[in-house]
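See structure below.
Just so we're on the same page: letters track the sequence lines, and every chain starts at 1. Here the structure is a predicted model, which means the values were calculated and not measured.
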There are 2 protein chains.
Amino acid sequence: MKNQSVSVRIQDVARAAGVSVSTVSRVLNGRDDVAAATGQRVRKIIDELGYSSSLAAKGMRSRHNHVIGVIIFDLSLSFCIEVVRGIDQMVQAQAYDLIVHTSNRAKHSGDPAWERKVVAQLNGSIVDGIIFVTPATINLPTNYPVVTIDPSDEGAFPSVIATNCKGAYTAVRYLIELGHRRVGLIGGSPALLSARQRRQGYAQAHYEAGLPILPELYAEGDYSYQTALIGARQLLSLPERPTAIMAANDQSAFAVMGIANQLGIRVPQDLSVIGFDNTPESAYTTPPLTTVDQSIVTMGSRAAELLIQWIEGKPVEDRLYELPTRLIVRASCQAWPGHS
Amino acid sequence: MKNQSVSVRIQDVARAAGVSVSTVSRVLNGRDDVAAATGQRVRKIIDELGYSSSLAAKGMRSRHNHVIGVIIFDLSLSFCIEVVRGIDQMVQAQAYDLIVHTSNRAKHSGDPAWERKVVAQLNGSIVDGIIFVTPATINLPTNYPVVTIDPSDEGAFPSVIATNCKGAYTAVRYLIELGHRRVGLIGGSPALLSARQRRQGYAQAHYEAGLPILPELYAEGDYSYQTALIGARQLLSLPERPTAIMAANDQSAFAVMGIANQLGIRVPQDLSVIGFDNTPESAYTTPPLTTVDQSIVTMGSRAAELLIQWIEGKPVEDRLYELPTRLIVRASCQAWPGHS
DNA sequence: TGAGCTTTCGGTATCGTTACCGATAACGAT
DNA sequence: ATCGTTATCGGTAACGATACCGAAAGCTCA
C-alpha cells in the first residue's frame with residue numbers, strides 16, 4: 001500500500017507483461033528491436049491498463065515530446081481563438097499535440113523576463129517549441145524554437161502577419177472610390193505592429209487620393225468590442241459625422257454597427273462600415289459586413305508549420321512571413337452620393 | 001560545450017549565487033529556513049537569469065504544480081471557448097496556471113481508454129487536476145481530481161451543467177404563449193445530456209399546453225453553425241413551415257436567421273427564433289436574438305472552483321451542479337396572430 | 001563445430017527538481 | 001566551559017521515463 005499513485009506507470013506495465021521497463025519503452029516508441037510476440041503482449045497490457053507515458057518524465061529525458069506550446073495572454077479576443085484554431089489544425093495534421101498555456105497575468109506583470117520564464121517552464125521538458133500569440137516584445141535567446149504571431153515589432157523571430165498595410169489601403173481606397181470623403185478610423189492598440197500597419201494603410205489611401213487626414217476622425221481602440229463601443233459613439237456623435245468608418249477589426253466593426261443602430265443611423269444608407277479580419281460572424285450580421293479577409297486561421301496554421309519545420313531541423317528564416325489579405329465586398333458599404 | 005541547454009537550470013542559479021541547489025529550491029518555494037540575505041541574493045540571480053523552474057521536473061518530484069488542465073476536443077465550438085474563458089477567470093483569481101490540452105483526435109479515435117491515457121499523460125507530473133469539456137463518457141479512476149462540464153451522462157464525477165430542461169421549457173412556453181402552434185426544434189447531439197434535456201423541456205412545454213409534438217418539426221444538429229444550416233433549410237422548406245423555431249444553441253439560431261434571410265422570410269414578422277446560450281454576439285444580431293441565458297462563463301468558473309476545492313483537500317460531492325438559466329427577451333420573437 | 005553476426009532484451013545512468021536527513025555554526029543558558 | 005537549541009545550509013535519493021551499453025541466444029557460413 002505504499003504506492004497508491006492514481007496513474008499507471010511504465011513499471012506496472014512491465015511487471016504485468018513480464019518484461020523490463022526498457023522493453024516497454026521500446027514498444028512505446030516503436031523501436032524495431034522488439035520481437036513481434038513481445039510487442040503484441042506489451043501493447044495489449046498497455047491497452048488494458050489504459051497506460052500512457054507521462055509527458056513530464058518522457059520529455060525530461062528525451063527532449064522531444066511531439067507537443068507544441070502556445071502562449072496566449074488574452075483569451076477574450078476572438079482573434080486569438082481563431083489563431084489557436086488554425087494552429088490546432090496544422091498540429092493535428094502533423095500528429096503533434098497542442099498545449100495552450102495561459103500564464104498568470106498578475107504574477108508576470110512588469111517582469112521584463114517573463115517570456116524567458118514561461119519558456120523555461122515549458123521548454124524541452126514539456127513542449128518542443130512555442131508559438132507566442134501575445135502583444136509583447138519578445139525577449140529570448142534566439143536558439144530556441146519560437147514563432148510569434150501578430151507581433152509588436154519586427155524582431156529576431158520568425159513571425160506570421162498579414163499584409164495589413166495593403167489590406168487597409170485597399171479597404172479605404174474602396175470607400176473613397178465610393179465617394180466617401182470623411183472616413184473615420186477606429187484603430188487598434190499602437191503597441192501592435194498590425195495596428196500601426198493598418199493605420200498606415202488608411203493614411204496612404206488618403207494621401208494618394210489627395211485627401212486630408214482629420215485627427216477628429218480617429219479613435220484609438222484595442223481590437224475589443226467594449227473599447228470600440230466608446231470610439232464608435234465618439235465618432236458618430238461628431239457634429240459633422242463620418243460617412244464611412246473603417247474599423248481595425250471585425251469586432252470593432254460590430255460595435256460600430258451596434259452604436260449606429262442605437263443612434264438610428266442606418267447601415268449602409270447613412271453610414272458605410274468596413275471591418276478587418278473576416279471572422280465567421282461577419283458574414284451573418286445585418287447587413288453582412290464588408291471586410292478585409294486575413295484568414296486568421298491560416299496565420300495560425302502557417303505559424304505551426306514554421307515551428308514544426310524548425311523543430312524538425314529544417315532551417316527557418318527570422319523574418320516576417322506575410323499572408324495576403326483581400327477585400328470581401330458584402331453589403332455594409334454604399335456609394336455616397338454627396339459632393340463627389 | 002557538452003551542455004548547450006537553452007534554458008537555465010537550478011544548478012546554474014546555484015552556482016551563480018554560490019549556494020547549493022537545495023537552497024535555491026528553498027528560496028523558490030518560499031521556505032522560511034533561508035537567511036534573509038541569502039534569499040535576496042538568490043532572488044536577484046533568478047531575476048537576472050530569467051530562471052523559472054521546469055514544470056515537468058518540479059511536478060514530477062513534488063506532485064503539486066498549481067496548474068490545472070483542461071481537456072478540450074473541439075476548439076471550433078464557441079461554447080467551449082466561453083467555458084475556457086470562465087475557467088481562466090477563476091484560475092487567475094486563485095493564482096493557478098492553466099494548461100489547455102487538445103489531444104490528437106485521430107490518435108485517440110475509438111480508444112475506449114483515451115481519457116485515462118490523457119490523464120496519465122498530464123497527471124501529477126504536470127497538472128494537479130483536470131476539467132473535461134468534451135462530449136464523451138468519462139471512464140476514469142474516481143480518486144483523481146476531475147470535473148466535467150456539460151457531460152454526456154450523469155456520472156461519477158462532479159459535473160457542471162445548466163438547468164437545460166427548465167430553460168428550454170421556459171423558452172418554448174414563451175413561444176406558445178405568443179400564439180405559436182408550430183414550433184420547430186433544431187436540437188443538439190443526443191450524445192450530450194444538455195441536448196437531451198433541452199429537447200425534453202421542449203416536449204414538456206408542448207405536453208403541458210396540450211400540443212402534439214410533430215416529428216417533422218425536429219431537426220437534429222450538433223450545436224454547430226454548419227450542421228444547423230442544413231436543419232434550418234429543412235425546416236423552413238416544409239410545405240407548412242413552422243412559425244417559430246427554437247434552436248438548441250445560439251450558434252444554431254444564427255444559422256436559422258441566416259437561412260431565413262436567404263429565403264426571404266422575415267424575422268420576427270414571419271418567423272420567431274429563439275436561441276440558447278446568450279453568447280455575446282446574440283445581442284448584436286439583427287434583430288437581437290431572444291435566447292436562454294446559461295452564462296457559460298460561469299459554468300467554467302464554477303468547474304474551476306470545484307476542482308481547486310478538490311485539489312486543496314476540501315470535499316466535493318460527485319453530482320450535477322446545476323446553474324440557473326433565464327429567458328432573455330430581445331427582438332427575434334413576435335406574437336403569432338393566427339388561429340390562436 | 002566454432003567464429004561472427006543479428007536479434008532481442010535487461011541493467012544502469014541520467015534528465016531537473018524537491019523531500020528528507022543530517023551537518024555545521026551561532027547563541028543562550030546553566 | 002559545556003550543553004542544548006535554533007537557524008541555516010548541503011548532500012543524496014527519489015519522481016517516471018528514455019538512451020545507451022552490453023549480454024544472451026539464435027542464426028549463418030565456412
Taking atom P of C:dT17 as reference, at what distance in whole Å does atom CG of A:L122 sit? 13 Å

Once you round it to whole Å, what is the distance between P of C:dG16 and CG of B:D12? 9 Å

Applying side chain to side chain contact (heavy atoms under 4.5 Å, CB included), run through A:Y321 and A:R302 and close with a yes or a no. CA-CA 9 Å; A:Y321 289 80; A:R302 187 87 181 95; 3.8 Å; yes

Which residues within residues 23-36 of chain A lie with some heavy atom under 4.0 Å of an atom in DNA chain C? A:T23, A:R26, A:D33, A:V34, A:A35

Given D:dG10, is OP1 or OP2 found less than 4.0 Å from the side-chain N or O atoms of B:S20? yes

Verify side chain to side chain contact (heavy atoms under 4.5 Å, CB included) between B:V70 and B:I99, making sure each step is shown before the conclusion. CA-CA 6 Å; B:V70 177; B:I99 274 184; over 6 Å; no

Between B:H64 (NE2) and D:dC15 (C1'), how many Å, whole number? 17 Å

Main-chain N/O of A:R31 paired with A:N29 side-chain donor or acceptor, under 3.5 Å: no

Shortest side-chain distance from B:R9, nucleotide among C:dG16, C:dC9, D:dA17: C:dG16

Might you work through the side chain to side chain contact (heavy atoms under 4.5 Å, CB included) test for A:E115 and A:V118, ending with a clear yes or no? CA-CA 5 Å; A:E115 315 94 340; A:V118 171; 5.7 Å; no

For B:N65 and C:dA19, give me the distance from atom CG to atom P, rounded to whole Å. 11 Å

Using the rule given for salt bridge (charged side-chain N to carboxylate O under 4.0 Å, His left out), can you reason through A:R9 versus A:D12, listing the C-alpha separation, both sets of side-chain angles and the distance that settles it, and then say yes or no? CA-CA 5 Å; A:R9 292 152 307 168; A:D12 306 318; 3.2 Å; yes

Do the non-hydrogen side-chain atoms of A:L98 and A:I87 ever get within less than 4.5 Å of each other? yes

Mate of C:dT30 across any strand shown (Watson-Crick or G-U wobble, both atom pairs under 3.5 Å) is D:dA1

Go through the side-chain N and O atoms of B:S22 and B:S25 and say whether any donor and acceptor fall under 3.5 Å apart. no

What pairs of nitrogen or oxygen atoms, one from the protein and one from nucleotides 22-26 of chain C, lie under 3.5 Å apart?
none

A:M60, nearest nucleotide to its side chain (from C:dT17, C:dG16, C:dG10): C:dG16

Selected nucleotide, minimal atom distance to A:T38 side chain, candidates D:dT12, C:dT18, C:dC9: C:dC9

Taking C:dT12, C:dT17, D:dA17 as options, the one with an atom nearest any side-chain atom of B:K58 is C:dT17

Is there side-chain contact between A:V133 and A:D150, with heavy atoms separated by less than 4.5 Å? no

At less than 4.0 Å, is any side-chain N or O atom of B:Y51 found next to OP1 or OP2 of C:dT17? Yes or no. yes

Taking the side chain of B:S22 as heavy atoms from C-beta outward, which of C:dG16, D:dT12, D:dA19 is closest to it? D:dT12

Tell me: CZ of A:R61 to P of C:dA13, nearest whole Å? 12 Å

Distance in angstrom units between B:I126 CD1 and D:dA17 C1', rounded: 12 Å

In terms of the angle between their ring planes, are A:Y96 and A:H66 parallel, tilted or perpendicular, with boundaries placed at 30° and 60°? parallel

